[in-house]
Number of protein chains: 2
Amino acid sequence: MQPGGTNRQVDRGRRVGVDKTDIKQAGLKVTLPRVKILEILEASGKGEGPRHLRAEDVYRRLLERGEEIGLATVYRVLTQFVEAGLVCRHNFEGGQSVFELDRGAHHDHLVCMKCGQVVEFMDEAIESRQEAIAAEHGFTLEDHTLVIHGFCPSCQAPG
Amino acid sequence: MQPGGTNRQVDRGRRVGVDKTDIKQAGLKVTLPRVKILEILEASGKGEGPRHLRAEDVYRRLLERGEEIGLATVYRVLTQFVEAGLVCRHNFEGGQSVFELDRGAHHDHLVCMKCGQVVEFMDEAIESRQEAIAAEHGFTLEDHTLVIHGFCPSCQAPG
DNA sequence: CAAAAAGATGCAAAAGCTTCCCATTTTATT
DNA sequence: AATAAAATGGGAAGCTTTTGCATCTTTTTG
Ligand SMILES: [Mn+2]
Ligand SMILES: [Mn+2]
Ligand SMILES: [Zn+2]
Ligand SMILES: [Zn+2]
């Protein structure tokens, strides 16, 4: 329907933001819950608290903003956004998934075992070694999960 | 009580097997469930099916062998073994933990997204880059999780 | 070796997270 | 505006894992 075709929000393959257009492009109707959830994710990690949120966290923030959206809807929508490639899901630990907006650039995580702080990183050497390892074993590499667990600077104090 | 002191099962820091002694050394009583669970884990990956088992798998194998051990006990014992360093727990995916006997040498995993096959590997380059990354961010490195997801050779067929 | 103490087990109930069901509401299409 | 299609909310249900507790085993004591 639109001429030219490429998404305004995408710049040379790197997504720089999301909006209702992305919801529509995913074949989903533009509903209030979807828009609000996207807003929560977009605000996270930009002064609006941590970037990586559990479904429960998203739900709580919606309530704080006065939105009456069901928890089931939050789960459904987050899953749809993951399927649409708008959101990434990670399983850091403890059986709960965490979600973050997909910015298009892959990265891995460093998680503090005490306070839960999350630091993102990306290491070419690690990435390419993984390619090599998958190839050595005849596997195609579709994806990977790398989480480094340790103690952040503030959690290493003697106490 | 034993003279000399070092565990017979350990050879220069690399564990080569486990037995009742290890249960005792962990400060746990040597009970039938614990011995049987250890046997299941020891047999796994040596012709006795896959090496990495979910609690449910361990439980099922116990039933097959005619042992009437409760699932709650399987969970409790596996957790105790992990705490004692006899067993490793991994969260490959799907909310279920998998367990394997700890052989003392660290390794990571390649998991087939179709058939679930697991291949183990260990890459010094990746290990040392992780040390560097943790250090760069002021984190102590306590542990890490690396799982490469892809399709194994048999699951790449055109069909 | 028997008795006492300490610890472990099994079952069922409960938890914690996530998904499913379905009547009702909202969005998109005609 | 009417119709068709899709989404929502709330609660029930599902799954994996943990917990409570009476009973049974293992270990320690005498
Ligand atoms: Mn991230
Ligand atoms: Mn392994
Ligand atoms: Zn910390
Ligand atoms: Zn496969």
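Just so you know, these numbers use all the heavy atoms, side chains as well, and skip hydrogens, waters and symmetry mates. Please read all numbers here as calculations on a predicted model, not as lab measurements. In what follows, chains are A, B, ... by sequence order, proteins preceding strands, each numbered from 1.
A donor-acceptor contact shorter than 3.5 Å is absent between the side chain of B:Gln117 and the backbone of B:Pro153. Using modelled atom types, one side-chain atom of A:Arg34 and one backbone atom of A:Lys29 make a donor-acceptor pair closer than 3.5 Å. No side-chain donor-acceptor contact under 3.5 Å links B:Gln130 to the backbone of A:Ile148.
Atom NZ of B:Lys36 is separated from atom P of C:dG10 by 13 Å (rounded to the nearest Å). One interatomic measurement links the two molecules: CZ of A:Arg54 to P of C:dG16, which rounds to 12 Å at whole-angstrom precision. Whole-Å rounding puts the A:Phe92 CZ to C:dC17 P distance at 17 Å. Taking atom CZ on B:Phe99 and atom P on D:dT16, their separation rounds to 13 Å, with Å as the unit. The distance between atom CG of A:Leu53 and atom P of C:dT18, rounded to the nearest whole Å, is 13 Å. Rounded to whole Å, atom C1' of D:dT19 lies 14 Å from atom CD of B:Gln80. For the pair B:Ile23 CD1 and C:dG7 C1', the computed distance is 14 Å after rounding to whole Å. Computed from coordinates, the A:Leu78 CG to D:dA7 P distance equals 15 Å when rounded to whole Å.
Within the 4.0 Å cut-off from OP1 or OP2 of C:dT18, at least one side-chain nitrogen or oxygen of A:Tyr75 is found.
Using modelled atom types, one finds a donor on one side chain and an acceptor on the other under 3.5 Å when comparing B:Glu100 with B:His107. A donor-acceptor pair shorter than 3.5 Å cannot be found between the side chains of A:Thr79 and A:Arg76. Checked by atom type, the side-chain pair A:His149/B:Glu142 shows no donor-acceptor distance below 3.5 Å.
When hydrophobic side chains of Ile, Leu, Val, Met, Phe, Trp and Tyr are connected at separations under 4.5 Å, B:Met122 ends up as a singleton with no cluster partners. Cluster partners of B:Phe151, using a side-chain heavy-atom cutoff of under 4.5 Å among ILVMFWY residues and allowing indirect links, are B:Met113.
Note on A:Ile40 and A:Ile23: same hydrophobic cluster, where clusters join Ile, Leu, Val, Met, Phe, Trp and Tyr whose side-chain heavy atoms are under 4.5 Å apart, directly or indirectly.
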Contact pattern, 5' to 3', of nucleotides 21-30 of chain D - B, S or - by protein heavy atom under 4.0 Å: -----BS---
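For A:Arg65, the salt bridge (Lys or Arg N to Asp or Glu O under 4.0 Å) criterion is met by A:Glu39, not counting sequence neighbours.
Closest to the B:Pro33 side chain, of the nucleotides D:dA7, D:dT17, C:dG10, is C:dG10.
Within a heavy-atom distance below 4.0 Å of DNA chain C, the residues of residues 59-73 of chain B found are B:Glu68, B:Ile69, B:Gly70, B:Ala72, B:Thr73.
Remark on the helix from C:dC1-D:dG30 to C:dT30-D:dA1: inter-end axis angle 30°, axes from five-pair C1' superpositions, rounded to 10°.
When ring centroids are compared, B:Phe92 and B:His90 come within the 6.0 Å threshold.
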